[in-house]
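Contents: one structure, followed by commentary.
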Amino acid sequence: QLQLVESGGGLVQPGGSLRLSCEASGFTLDYYDIGWFRQAPGKEREGVSCISSSGGNTNYADSVKGRFTISRDNAKKTVYLQMNSLKAEDTGVYYCAADLFPACTVVPDPLSYEYNNWGQGTQVTVSS
């Protein structure tokens, strides 16, 4: 059974950093594109970043460019989201999602693509 489990969320002060992890089980991560999404209270879910199955292609939302970095370690079956210079507006539940379709590479707007498989999410709160 395909499963994604996010971890690494928490409470951090503005300007701080967190690294989120998305661990896969029940399937071969190597073949899947992975996306990170977030949802703030009262707001719609938004795409944050995505990475192709090989790791050779990445995309970022304008709001996180230069601050967030997505990476993957297929041997460890884990995708990471390093988040630096965090702001209050980065607060939300962060989800990772996986899809066999190479959305991160071929879709014109990859951060709006509807991935098939989702994790349960991890809370990130940026507050002083």
Side-chain angles (χ1 to χ4, degrees):
Q1 181 179 357
L2 190 155
Q3 188 173 11
L4 297 166
V5 178
E6 302 93 337
S7 62
L11 173 64
V12 63
Q13 292 186 341
S17 297
L18 284 174
R19 187 177 80 157
L20 305 184
S21 297
C22 171
E23 186 170 359
S25 63
F27 67 105
T28 303
L29 183 66
D30 306 40
Y31 303 131
Y32 285 74
D33 278 24
I34 302 293
W36 279 101
F37 298 80
R38 67 186 180 189
Q39 188 164 22
K43 294 188 177 181
E44 291 188 356
R45 187 183 67 202
E46 64 171 337
V48 174
S49 182
C50 67
I51 187 166
S52 61
S53 57
S54 67
N57 193 52
T58 59
N59 286 282
Y60 297 92
D62 288 343
S63 58
V64 307
K65 279 181 182 176
R67 301 188 297 122
F68 290 12
T69 303
I70 192 170
S71 62
R72 64 191 297 157
D73 185 337
N74 286 342
K76 293 183 178 180
K77 305 187 78 171
T78 303
V79 175
Y80 305 97
L81 186 68
Q82 177 67 43
M83 307 187 296
N84 299 329
S85 302
L86 283 162
K87 305 175 182 179
E89 50 264 44
D90 294 318
T91 294
V93 179
Y94 283 69
Y95 301 89
C96 64
D99 205 296
L100 273 172
F101 185 74
C104 197
T105 301
V106 304
V107 174
D109 186 6
L111 298 182
S112 295
Y113 180 76
E114 288 293 329
Y115 285 71
N116 278 330
N117 307 286
W118 291 81
Q120 294 300 307
T122 185
Q123 175 71 45
V124 172
T125 302
V126 185
S127 175
S128 55

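Sequential numbering from 1 along the given sequence is applied to the chain's residues.
- Scored by the side chain to side chain contact (heavy atoms under 4.5 Å, CB included) test, Ser63 finds Arg38, Ala61 as partners (sequence neighbours excluded).
- Hydrophobic cluster membership for Tyr113: Phe37, Val93, Tyr95, Phe101, Val106, Val107, Tyr115, Trp118 (Ile, Leu, Val, Met, Phe, Trp, Tyr linked by side-chain heavy atoms under 4.5 Å, directly or transitively).
- Remark: Val12 engages Leu18, Leu86, Val126 in a side chain to side chain contact (heavy atoms under 4.5 Å, CB included) (not counting sequence neighbours).
- The side-chain hydrogen bond (donor to acceptor under 3.5 Å, both in side chains) test applied to Ser17 returns Asn84, not counting sequence neighbours.
- Residues Asn117 and Tyr32 form a side-chain contact, since some pair of their non-hydrogen atoms from C-beta on lies under 4.5 Å apart.
- Judged as a side chain to side chain contact (heavy atoms under 4.5 Å, CB included), and not counting sequence neighbours, the contacts of Glu23 are Thr78.
- Residue pairs satisfying the salt bridge (Lys or Arg N to Asp or Glu O under 4.0 Å) criterion with at least one member in residues 110-121, sequence neighbours excluded, are listed as follows: Arg45-Glu114.
- Contacts classified as salt bridge (Lys or Arg N to Asp or Glu O under 4.0 Å) and involving residues 2-13 (residues at least two apart or in different chains) are not found.
- Here disulfide (SG to SG under 2.5 Å) pairs that include residues 54-113, with residues two or more places apart or in two chains, are Cys22-Cys96, Cys50-Cys104.
- A heavy-atom distance below 4.5 Å is found between the side chains of Asp90 and Arg67.
- Residue pairs satisfying the salt bridge (Lys or Arg N to Asp or Glu O under 4.0 Å) criterion with at least one member in residues 68-85, sequence neighbours excluded, are absent.
- For Lys65, the side chain to side chain contact (heavy atoms under 4.5 Å, CB included) test picks out Tyr60, Asp62, with sequence neighbours left out.
- In this view, Tyr31 satisfies the ring-ring contact (aromatic ring centres under 6.0 Å, His included) rule with no residue, not counting sequence neighbours.
- Remark: Gln120 engages no residue in a side-chain hydrogen bond (donor to acceptor under 3.5 Å, both in side chains) (not counting sequence neighbours).
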